[in-house]
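Here the structure is laid out as structure tokens; the discussion comes afterwards.
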Amino acid sequence: MRIALASDHAGYEVRNQIIDFLKSAGHEVIDCGSQHLDSVDYPDYGIRAVRAVVEGEADRAVLLCGTGIGMSIVANKFPGIRCAVCTDLYAADQARRHNDTNVLALRMRNIDPLINAQILHVWLTTPFNGGRHERRNEKIAHLESLNFKNPKGDKREKSKRR
Ligand code: RB5
């Protein structure tokens, strides 16, 4: 798969290991930064990776920040994005089987990096169960169509900022 990866400073120390891990598992990585240890604002980088998924340049995204929470909040502001923060293997399994998440947010602080590697592996290799879960995701998509001004995720928001 093509995986967009974004991190803030909290993920800087392990981001390259995660990139190597993804590549060794056969994935293409779209590196959305940040590529230094300076303090940055996680939305600036999370947006890049999530937008790559919304625009079809990436199949999925992996987001790294101190807790995973800030990045996941950013991601779930975008139409068609289902992002989960996973800090254990059960969550990673269910986030794929039941929620068909296309974005994973990982916690970088106060967690064993080996657990994160296992979470990533489970999340990448576990299929969506479909069935009743498809119906539930359709209800979420319906909410997006009601609540998002730009439910198809085109680039209007980007051009407005110029
Ligand atoms: C940065 O200090 C920290 O707030 C950020 O990495 C993340 O945990 C936010 O949710």
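All residue numbers refer to positions in the sequence shown, counting from 1. Note that this is a predicted model, so its numbers are computed, not measured. All ligand and atom numbering here is 1-based and tracks the order in the structure.
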Contact check, side chains of [X] and [Y], non-hydrogen atoms, under 4.5 Å:
{"X": "Leu104", "Y": "Leu63", "answer": "no"}
{"X": "Asn137", "Y": "Phe128", "answer": "yes"}
{"X": "Ile3", "Y": "Leu124", "answer": "yes"}

Among pairs that include at least one residue of residues 76-85, which meet side chain to side chain donor-acceptor pair (under 3.5 Å), considering only residues two or more places apart or in two chains?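 Residue pairs with at least one partner in residues 76-85: Arg82-Asp100.
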
For ligand 1, list all ligand N or O to protein N or O distances below 3.5 Å, rounded to 0.1 Å.
from, atom 1, to, atom 2, distance (Å)
ligand 1, 2 (O), Arg109, NH1, 3.2
ligand 1, 6 (O), Asp8, OD2, 2.6
ligand 1, 6 (O), Gly66, N, 2.7
ligand 1, 8 (O), Gly66, N, 3.2
ligand 1, 8 (O), Thr67, N, 3.0
ligand 1, 8 (O), Thr67, OG1, 3.3
ligand 1, 10 (O), Thr67, OG1, 3.3
ligand 1, 10 (O), Gly70, N, 2.9

hydrophobic_cluster_shared for Val85 and Met108, side chain cutoff 4.5 Å: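 No, it is not one cluster - the side chains of Met108 and Val85 are not joined through contacts under 4.5 Å.
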
Let me check something: do Met1 and Val122 share a hydrophobic cluster, defined by ILVMFWY side-chain heavy atoms less than 4.5 Å apart, either directly or through other members? yes

